[in-house]
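One structure is given here, and the rest of the page talks about it.
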Amino acid sequence: MSFSPILWVEADRKCPHTPTARGLLWWTGGCWGTGWLWLRRSVAQAVTLNEEAKRESSAAAAAVEGKQEAAAPGLQAMAVTVARDFEAVGLDASTSGAAGEKPSWFTPKRLLVMFCIINMLNYVDRGAIASNGVNGSRGSCTSGTCTSGSGIQGDFNLNNFEDGVLSSAFMVGLLVSSPIFASLAKIHNPFRLIGVGLLVWTIATAGCGCSFDFWSITICRMLVGIGEASFISLAAPFIDDNAPAAQKTAWLAMFYMCIPTGIAVGYVYGGLVGNSLHWRAAFWGESILMLPFVILGFVIKPLELKGFTHSVKRKNDLAVTLPQKLSFSSFGNKVMTEIFYFGEDMKELLQEKVYVINVLGYIAYNFVIGAYSYWGPKAGQDIYHMASADLMFGGITIVCGIFGTLAGGFILDKIDSTISNAFKLLSSATFLGAIFCFGAFCFKSLYGFIPLFSLGELLVFATQAPVNYVCLHCVKPSLRPLSMAMSTVSIHIFGDVPSSPLVGLLQDKIRDWRSTALTLTSILFIAAVFWFIGIFVRSVDRFNEQSDHGVPVVERSSLRPLLDENEDTRTS
C-alpha cells in the first residue's frame, strides 16, 4: 500500500517544525504523539484519496509511490496495520451498528437488564394510574349522606368520561411522537434520544404528582406518552443488535415480558402507596426510580445503532437542492428535509409485503387483546357470575402473559429464528389460542371456562416476541426504528383504541355478553390467517444488510450524539 502526496502535505501542516514532510518519518519528539493520533483518524481517507489520485494521473502517482516506498517502508507497514485495524472495527461494528470500540460500561446483558427495568417502569406507571389507590373514586351522596371521593377522581371531581380520557391521554403523545423519534434517529444518536425521552417521562410523571386540575394532569399524561415513545421505537433495535445470534427472540421475549409484569406491579404499587401515603406520592416515586436511568442516558458513552450510516450524506445532498426550490429559513429547510425523507422511508416501508402482512395480523390480534383487557372482567361477571371477576381475569392475564411471552421467544430460537418460522409460530399459536378461547366462552360452567381460557391466553401471548422479531428483521437496519414506531401506531389506532367502544356498541345492540365475547374472539382467526399468508410470502432477513454501500469507516463514524456541545463534531 502507498500514500498519496496529500498525506505528506498534511503531515507538514500538522508538524510545521519539520523541514519537509518526508522528515516526519525520521523526526522524533512530541510531533510523533499527535502525528500517530492524526494518522489513526486520517488513514482511511488518505487511502481513498490515494486511489483517486492514481486514477487522475497514474504516472505521477506511480512515481510518488516509488519514492515513498523507498523512503518510508516502515510507514507503509504501519499504514497497513492501521488500515486493518479500521477494517476490524468496521466488522465489529456490524454487531452494534457503530464504528469504534464499545463503551467500557457495555455488556449485552447489562443493556438487556437496563432496558427491561426501564420498560417495566413504563408499564408500572400504566398500572398505577389504573389502580384504586391512585385513580380512586368520585364522591357521592345517597339518602342525604355524602361521602368524599378518593384518589385523582375524587380530588378533581372527575366524571367517568374525564376519568376515561385521563387513563388514555398518554396514547396521544405516544402515537404522535413515535414516528418523530424514529426519524430523529437518522440525524441524532439513538441512545441519546432514549435519554431525552426518559427525561421528558421523568419530568411528566413528577408533573402528574404536582397537577392541580383535570387539564394539568391530562397534559402531563400526554407528555408521559411522548417520553415513552422514544424508548418504544429505539430500545428493541438495540436489543436485537446486541443479543446473541442464537437467542435474539428469547431476549426480545424477556423485554416484552416486562409489559404484563409491569402492569401487575403497578396495580400493587399504586394501591399500596396511594392508600398509605397519597396518590401524588406514587407518581413522585416513579419519577425518582427513573431518574438514575436518565442520568446514565446522558453521562455514559452512548452505543450507536446498526444501520444509521447515511444521515450525514443524505443531509448534505438535500441541502444543495432544497434551497433552490423553496425559500425557507434554515430551520424550515431542516424540517422539510426530514418530512421529505420520512415520506421516502414510509414509502419503502409500505413496499415491504412481509412487514405489511405482519402488522395487519398484529392489528387484528391487538383488537381482541385490547377489548379483553377492558371488557373481560365485566363479561366474566355477567356470564359466570364471578365474585371477583377483575382479580380472576387480571391474574390469568398476568401469569399467561409472562409465561406465554417467554415461551414464544424460546421456542422460535429453538426451531431456528427465521422470518418464515416466525410466521409459522404466529399463525399456529394464534389459531390454537383462538380455538381454546372460543371454546372457553361456550362453556356454561366457570370450571370449564378457566382452564380453557388460560390455555388460550398462554398460546395467544406466545406471539409477542415473534411478531416483533419479524418487524425488526424484514426491513433494512436503518428502517427498524420507524418499523417499530409505525407498528405501535398501527396496532393502537386500528386495534385496541377502537375495539373497546366498538365492542361496547355491539353489546348495546345484542345485549348478550356470551355472543359478544364469541364474536370478539373470532377476530383472532383473522389474525391467524394473515400470519399464515406470511409463510408463503418471499422473505429475506435483512439484519446484516448495509444501508450505505461503500461508505468509508471515517464517514460512518460521523453520526453525532444529541446535545453534543462541540459543534465541530456535529457536522461531517
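Quick note: numbers below take in every heavy atom, side chains included, and nothing from hydrogens, waters or symmetry partners. Only a predicted model underlies this, so the values are computations on that prediction, with no experimental measurement involved.
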- Tell me, with the steps shown, if Phe436 and Phe453 meet ring-ring contact (aromatic ring centres under 6.0 Å, His included). CA-CA 6 Å; Phe436 281 114; Phe453 189 73; over 10 Å; no
Quick one: do the [X] and [Y] side chains pair a donor with an acceptor below 3.5 Å?
X	Y	value
Gln153	Ser137	no
Thr463	Tyr362	no
Asp496	Asn366	yes

- Mind checking what makes side-chain contact (heavy atoms from CB on, under 4.5 Å) contact with Ser216, not counting sequence neighbours?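 With sequence neighbours excluded, Ser216 shows a side-chain contact (heavy atoms from CB on, under 4.5 Å) to Ser211, Phe212, Asp213, given in chain and number order.
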- Item | Contacts of type side-chain contact (heavy atoms from CB on, under 4.5 Å), residue Leu112, not counting sequence neighbours |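 Listed in chain order: Cys116, Ile239, Trp251, Met254.
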- Does the side chain of Phe170 reach to within under 4.5 Å of the side chain of Leu175, using non-hydrogen atoms?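 Of all side-chain heavy-atom pairs linking Leu175 with Phe170, none is under 4.5 Å.
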So does [Y] get a backbone contact from the side chain of [X], meaning a donor-acceptor N/O pair under 3.5 Å?
X	Y	value
Thr405	Ile402	no
Ser287	Thr202	yes
Ser373	Gly370	yes
Asn275	Gly271	yes
Tyr365	Ile526	no
Asn135	Ala130	no
Gln464	Tyr256	no
Tyr355	Leu350	no
Ser131	Ala128	yes
Asp163	Asn159	no

- Query: Of Thr418, Val470, Val467, which meets side chain to side chain contact (heavy atoms under 4.5 Å, CB included) against Phe423?
  - Reply: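 Output: one option passes, namely Val470.
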Nearest atoms (heavy-atom pairs only) where [X] meets [Y]:
X	Y	result
Gly207	Cys220	C-SG, 3.5 Å
Leu425	Gly408	CD2-O, 3.5 Å
Val489	Ser178	CG2-CB, 4.3 Å
Phe231	Ile194	CD1-CG2, 3.9 Å
Val503	Ala371	CG2-CB, 3.9 Å
Pro481	Leu305	CG-CD2, 3.8 Å

Carboxylate-amine/guanidinium proximity below 4.0 Å for [X] and [Y]:
X	Y	value
Asp125	Arg221	yes
Arg126	Glu228	yes
Asp382	Arg514	no

- Got a sec, which residues hit ring-ring contact (aromatic ring centres under 6.0 Å, His included) with Phe293, two or more places apart in sequence or on another chain?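 By the ring-ring contact (aromatic ring centres under 6.0 Å, His included) rule, Phe293 matches no residue at all.
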- Item | Geometric cation-pi criterion, Lys444 with Tyr384: 6.0 Å, 45° |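 Judged by the rule (NZ or CZ under 6.0 Å from the ring centre, within 45° of its axis), Lys444 is not positioned above Tyr384.
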- Do the numbers put Lys248 on top of the ring of Phe543, so that NZ or CZ is under 6.0 Å from the six-membered ring centre and no more than 45° off the axis?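 Lys248 over Phe543 ring: yes.
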- Task: List the steps, then state whether ring-ring contact (aromatic ring centres under 6.0 Å, His included) holds for Trp279 with Phe156.
- Result: CA-CA 12 Å; Trp279 64 265; Phe156 297 152; 5.7 Å; yes
- Query: What about Phe532 and Phe431, are their ring centers closer than 6.0 Å?
  - Reply: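 No, the ring centres sit 6.0 Å or more apart.
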- Would you sort out whether Arg480 and Asp241 count as a salt bridge (charged side-chain N to carboxylate O under 4.0 Å, His left out), showing the intermediate values? CA-CA 11 Å; Arg480 288 182 305 166; Asp241 277 356; 2.8 Å; yes
